[in-house]
Amino acid sequence: MGHKKAGYVPALGWDILTPLYDPLVRLTTRELTFKGRLLDEAGIGDTARILDVGCGTGTLLLLMRHKLKSLLAIGLDGDMNVLAIARSKADRRKEKIALIQAFCFDMPFAECAFDRVFSSLMLHHLTRSEKIRTLEEIFRVLRPGGELHVADWGQPHNLLMRILAFTVCLGDSFARTADNIQGRLPALFLNTGFEKVSETARFATLFGTLSLYKARKPITAVDQRHAGSIAVQSLAGV
Ligand SMILES: C[S@@+](CC[C@H](N)C(=O)[O-])C[C@H]1O[C@@H](n2cnc3c(N)ncnc32)[C@H](O)[C@@H]1O
């Protein structure tokens, strides 16, 4: 079982394994395929304000910046060690990304600050109550009509995936992965207040089924009245 630090579990459970994260994920999860699809589904434009929660080594942020050069892309992660890897990757590629060390269930951002929030392979690190607090935070920082795009372990879609998923449950704890593996993430999104929740794709990987989900923060009557002013708010609170 991964080593829970104060507030987060490191990318591969223990700090000593973090440098192996990129090669392992690339070899075992069809990483560029599923992250590319996640980005395509978000349909982001050049001026979008993007947050990647649990950004890890920054691969998703760098893919975004490669596609859309003027994007405002911010990565948040609890782990300084993994952020150092993300920073050196960005520097090597001369890409501008902002990286912030903070916990996903207590984010230092203003309300409605983002058009899209991404989370890849992060929610399964959290307990049920941390998942709920994190989704509430994501809901708060998204603008009305903004979208959440998630890639994470999902309900196994055949016997082989069920057997392979056992490794993830063993490594990342049965308790923390249960909502993922039992297909309960969409219900958690709906309970937070998101609408148009759907599972959009499933990928077979060496660690079981990896699912993509999307969900939208509703544009309520009140939000619509203020949508113009919210849209032009800067990220001053970020
Ligand atoms: C498996 S890695 C995924 C990294 C990256 N998103 C990806 O798709 O490759 C999970 C990341 O979530 C971060 N994390 C775990 N719990 C967290 C928390 N409570 N707050 C912020 N980050 C957290 C870990 O530090 C780790 O970098």
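We count ligands from 1, going down the list as the structure has it; atoms in each ligand are counted the same way. Numbers for residues simply follow the sequence, beginning at 1. Reckoned from all heavy atoms, side chains included, excluding hydrogens, waters and symmetry mates.
Protein heavy atom nearest atom 17 (C) of ligand 1, with residue, atom name and distance: Tyr8 CB, 3.4 Å. Taking atom 12 (O) of ligand 1 as the reference point, the nearest protein heavy-atom neighbour is Met122 CG, 3.2 Å. Atom 8 (O) of ligand 1 has its closest protein heavy atom at Ser120 OG, 2.6 Å. When hydrogens are left out, the protein atom nearest atom 15 (C) of ligand 1 is Val9 O, 3.5 Å; that is the closest non-hydrogen contact. Residue, atom and distance of the protein heavy atom nearest to atom 19 (N) of ligand 1 are Gly7 O, 2.8 Å. Here the heavy atom of the protein found nearest to atom 3 (C) of ligand 1 is Tyr21 OH, 3.2 Å.
Not a single N or O atom of His125, backbone or side chain, sits closer than 3.5 Å to an N or O atom of ligand 1. Residue-to-ligand polar distances place Asp77 within reach of ligand 1: an N/O pair is separated by less than 3.5 Å. Distances between N or O atoms of Gly78 and those of ligand 1 include at least one value under 3.5 Å. Annotation: Cys104 places an N or O atom under 3.5 Å from an N or O atom of ligand 1; distance criterion only. Any N or O atom pair closer than 3.5 Å counts here, and Gly54 shares at least one such pair with ligand 1.
Residues Thr18 and Asn81 bring no donor and acceptor atom of their side chains to less than 3.5 Å of each other. A donor atom on one side chain and an acceptor atom on the other are not found under 3.5 Å apart for Asn180 and His124. Side-chain atoms of Glu147 and His149 form a donor-acceptor pair, as typed in the model, at a separation below 3.5 Å. Under 3.5 Å, the side chains of Glu199 and Ser211 contain a donor-acceptor pair of N or O atoms.
Distance check, rounded to the nearest 0.5 Å: CG of Leu135 to CG of Leu148 gives 7.0 Å. The structure places CG of Leu210 at 11.5 Å from CZ of Arg37, a figure rounded to the nearest 0.5 Å. Distance check: Met64 CE to Leu39 CG gives 5.0 Å after rounding to the nearest 0.5 Å. Distance CG/Leu121 to OG1/Thr29: 6.5 Å, rounded to 0.5 Å.
Neither the backbone nor the side chain of Ser119 comes within 4.0 Å of ligand 1, counting heavy atoms alone.
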Do Phe166 and Phe174 pass the ring pair (Phe, Tyr, Trp, His ring centres under 6.0 Å) test, and can you show the C-alpha distance, the side-chain angles, and the key distance before you say yes or no? CA-CA 9 Å; Phe166 191 74; Phe174 283 90; 5.6 Å; yes
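Annotation for ligand 1: atoms under 4.0 Å from non-hydrogen atoms of Gly56 are 4 (C), 27 (O). Per-residue contacts place Asp79 under 4.0 angstrom from the following atoms of ligand 1 (heavy atoms of the residue considered): 25 (O). For ligand 1, the atoms sitting less than 4.0 Å from at least one non-hydrogen atom of Val82 are 27 (O), numbered in the order shown with element in parentheses. Taking every heavy atom of Phe105 and a limit of under 4.0 angstrom, the matching atoms of ligand 1 come to 19 (N). Ligand-side atoms of ligand 1 in range of Leu121: 1 (C), 2 (S), 3 (C), 10 (C), range being under 4.0 angstrom from any heavy atom.
Under a 4.0 angstrom heavy-atom cut-off, Ala102 registers as being in contact with ligand 1. At least one heavy atom of Lys35 sits closer than 4.0 Å to an atom of ligand 1.
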